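Contents: one structure, followed by commentary.
Just so it is clear, the model here is predicted, and its values are computed rather than measured. Residue numbers count from 1 along this sequence.
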Amino acid sequence: MMVRKSSVWKEQESTFYSPSVPGFLSVRYGLAIIIHFCLFVTTSQNLSLSIAIVAMVNSTGQSNLTNISRKGQPDVNPDAGVPVYDWSPEIQGIILSSITYGQIITLTPSGYFAGVLGARKIFMIGLFISSVLSFLIPLAAAQGMVYIILTRAAQGMAQGMEFGASPSFWVKWAPPLERSRISSITSSGTILGIFTVLLVGGFICQSLGWPYIFYIFGGIGCVCCVIWFSLVYDDPINHPYISESEKEYITFSLAGENSSPSWSLPINAMIRSLPLWAIIITGFCRFWLVTNLTISLPLLINIMFDFDIRNNGILSALPSVAAWICITLGSQMADFLLSKKILSLVVVRKLFTVLGMLLPSVFITAVPYVSSITAVTLLMLSMGISCLCYSGFMINSLDIAPRYTSFLMGLGGVFTMIPGILSPTVTGYLINQDSVSGWKNVFLLSAAINLAGMIIYVIFGRADIQDWAKEKRLTRF
């Protein structure tokens with residue numbers, strides 16, 4: 001009888017407890033928007049160096065520089081009044097990748113501690129440190145190569161704290177029927193950051209000088225820290241501005257879930273969990289494709305259309321618009337299908353995973369056989385449609401193990417960074433063999449890996465809370 005009552009309770013939760021204010025005027029959506037903009041700032045700080053390094057490096061054509069570079073000291077560009085550096089392509093690669101290694105170090109531990117202690121302070125500390133270090137990057141570059149590498153690695157560790165901590169908010173804040181929508185609002189902040197940096201980064205470096213791209217996004221990050229400290233709380237129970245009706249709605253909707261934090265982790269059960277490995281492997285496969293798309297699109301635009309850095313950046317930013325649209329529409333559709341009970345949760349997760357991985361695989365396979373304009377269009381669509389996975393496997397950890405969500409997403413994030421290290425090397429090797437057939441092999445390999453991940457998730461993906469993720473309750477007599 002108790003089981004029946006619990007079932008009815010879950011089915012009617014949104015009927016009996018609906019907040020008195022519309023969703024997008026509620027505190028939980030306000031929190032999602034704040035995290036959205038904080039992740040926008042973090043992503044902008046992350047990618048700023050990728051744009052600025054073009055202006056920071058002394059190219060062979062800069063024969064009008066006033067000083068000769070000695071012992072790593074910067075020259076000065078008389079046109080912009082900013083220093084430039086004599087860094088080889090190998091050194092540039094080390095500098096650019098150093099932030100990724102920093103993120104790998106802190107991503108999983110910060111997810112673990114956020115799940116137990118709460119994400120508010122961990123996220124804010126990471127955002128503040130990353131913003132301060134953004135201000136220091138021009139100074140670090142002036143001191144030498146080692147200093148900027150260490151600064152970027154430390155910034156990556158700070159940003160790993162943010163990315164690792166952010167998923168734990170939705171364990172306490174997101175009602176099950178709104179999770180796709182709320183988490184997608186949050187995640188789309190990274191898309192906005194990519195779009196903004198690609199769109200205005202080149203303009204800032206050319207008009208104001210490359211140091212200002214670090215000053216501007218570092219300053220915005222410090223402002224976000226103040227907003228964060230004032231308005232963000234770990235759970236609705238302790239939030240001072242939330243209405244009683246919304247607090248009851250959130251609390252009631254999450255009452256049947258096992259989301260209480262725990263210091264202990266069922267590591268052995270996690271290792272044996274096929275649904276968890278399906279999420280991790282699928283994430284690796286998807287990000288192999290995304291990494292190649294991110295690398296390939298600017299290069300192909302430059303080869304096919306010979307655009308300058310500013311126009312290339314604008315065109316390269318267009319896929320972010322498609323990605324934002326797909327994230328928004330996909331999350332709305334996913335929650336609609338769930339709220340109307342048209343499809344079950346596991347079917348929704350697999351449906352959006354298939355759409356987000358099958359279509360891009362088909363599109364990039366066709367790229368070598370179509371015209372230049374069609375090829376660029378297909379690549380842009382592939383990057384956009386792949387973001388439908390945000391309503392698929394990418395949020396699935398919250399379904400199968402809510403009390404360990406932040407740890408599992410941090411762990412999955414580490415695996416998704418591996419393609420960012422391996423894929424460029426493989427792509428460079430294939431292209432160096434033969435530039436024409438090399439690109440064809442790059443796209444075919446990416447499509448094959450992507451499809452393999454999709455098949456694994458369709459077979460092994462689940463959406464019910466796993467036994468190892470349930471809270472063990474002791475019966476007392």
Smallest separation among heavy atoms of [X] and [Y], with atom names:
| X | Y | result |
| --- | --- | --- |
| Ala334 | Val348 | CB-CG1, 3.8 Å |
| Ala174 | Leu254 | O-CD2, 3.4 Å |
| Ala52 | Ile213 | CB-CG2, 4.0 Å |
| Ile250 | Pro175 | CG1-CG, 4.5 Å |
| Pro236 | Lys247 | O-CE, 3.5 Å |
| Leu388 | Gly330 | CD2-CA, 3.9 Å |

Between [atom1] on residue [X] and [atom2] on residue [Y], distance to nearest 0.5 Å:
| X | Y | atom1 | atom2 | value |
| --- | --- | --- | --- | --- |
| Ser110 | Phe163 | OG | CZ | 10.5 Å |
| Leu378 | Leu293 | CG | CG | 11.0 Å |
| Ser187 | Tyr390 | OG | OH | 5.5 Å |
| Ile465 | Asp399 | CD1 | CG | 8.5 Å |
| Leu337 | Ser391 | CG | OG | 10.0 Å |
| Gln103 | Met161 | CD | CE | 12.5 Å |

Heavy-atom check, side chain of [X] versus side chain of [Y], under 4.5 Å:
| X | Y | answer |
| --- | --- | --- |
| Asn46 | Phe217 | no |
| Trp173 | Ile242 | yes |
| Asp467 | Lys470 | yes |
| Ser253 | Pro176 | yes |
| Leu338 | Arg179 | no |
| Pro419 | Phe284 | yes |
| Asp464 | Ile400 | no |
| Trp170 | Ile35 | yes |

Between [X] (side chain) and [Y] (backbone), is there a donor-acceptor pair under 3.5 Å?
| X | Y | result |
| --- | --- | --- |
| Trp288 | Ala447 | no |
| Ser130 | Leu127 | no |
| Ser423 | Gly420 | no |
| Trp439 | Leu430 | no |
| Asn396 | Ala463 | no |
| Trp468 | Met270 | no |
| Ser188 | Ile185 | yes |
| Ser48 | Ser44 | yes |
| Thr43 | Phe40 | no |
| Asn441 | Leu444 | no |

Could you pull out all residues at least two apart from Thr328 that satisfy side chain to side chain contact (heavy atoms under 4.5 Å, CB included)?
Trp324

Mind running side chain to side chain contact (heavy atoms under 4.5 Å, CB included) on Arg28 and Glu178 for me, showing each step along the way?
CA-CA 10 Å; Arg28 63 188 183 278; Glu178 299 178 15; 2.8 Å; yes

Go through the steps to decide whether Phe336 and Ile342 satisfy the test side chain to side chain contact (heavy atoms under 4.5 Å, CB included), and finish with yes or no.
CA-CA 8 Å; Phe336 173 80; Ile342 298 173; 3.7 Å; yes

In terms of side-chain heavy atoms, does [X] have a donor or acceptor partner in [Y] at a distance below 3.5 Å?
| X | Y | answer |
| --- | --- | --- |
| Gln159 | Thr42 | no |
| Thr374 | Thr377 | no |
| Ser134 | Gln45 | no |

Check the angle between the aromatic planes of His239 and Tyr241 and answer parallel, tilted or perpendicular using the 30° and 60° thresholds.
perpendicular

Can you classify the ring geometry of Phe169 versus Trp228 as parallel (below 30°), tilted (30 to 60°) or perpendicular (above 60°)?
perpendicular

May I ask you to check if Arg349 and Phe393 form a cation-pi contact, with NZ or CZ under 6.0 angstrom from the six-membered ring centre and within 45° of the axis?
no

Check whether Tyr457 forms a cation-pi arrangement with Arg462 (NZ or CZ under 6.0 Å from the six-membered ring centre, at most 45° off the ring normal).
no

Any salt bridge (charged side-chain N to carboxylate O under 4.0 Å, His left out) involving [range]? Give me the pairs, sequence neighbours left out, ordered by first then second residue.
| range | result |
| --- | --- |
| residues 277-286 | none |
| residues 317-340 | Arg181-Asp335 |
| residues 375-395 | none |

So with a 6.0 Å cut-off around CZ of Phe128, is the heavy-atom count from everything else above 12?
no

Report, one line per pair, each donor and acceptor closer than 3.5 Å where one atom sits in a side chain of residues 195-204; sequence neighbours left out.
residue: Thr196; atom: OG1; partner: Leu192; partner atom: O; Å: 2.8

What do the steps show when you test Ile227 against Phe37 for side chain to side chain contact (heavy atoms under 4.5 Å, CB included), and what is the final call?
CA-CA 11 Å; Ile227 297 173; Phe37 281 107; over 6 Å; no

Validation: residues 356-370 side-chain donor-acceptor distances under 3.5 Å, sequence neighbours left out:
residue: Ser361; atom: OG; partner: Met357; partner atom: O; Å: 2.7
residue: Ser361; atom: OG; partner: Asn450; partner atom: ND2; Å: 2.9
residue: Thr365; atom: OG1; partner: Ser361; partner atom: O; Å: 2.6

Working note: Met394 + Ile279, criterion side chain to side chain contact (heavy atoms under 4.5 Å, CB included); need CA distance, chi angles, decisive distance, verdict.
CA-CA 7 Å; Met394 294 178 68; Ile279 296 172; over 6 Å; no

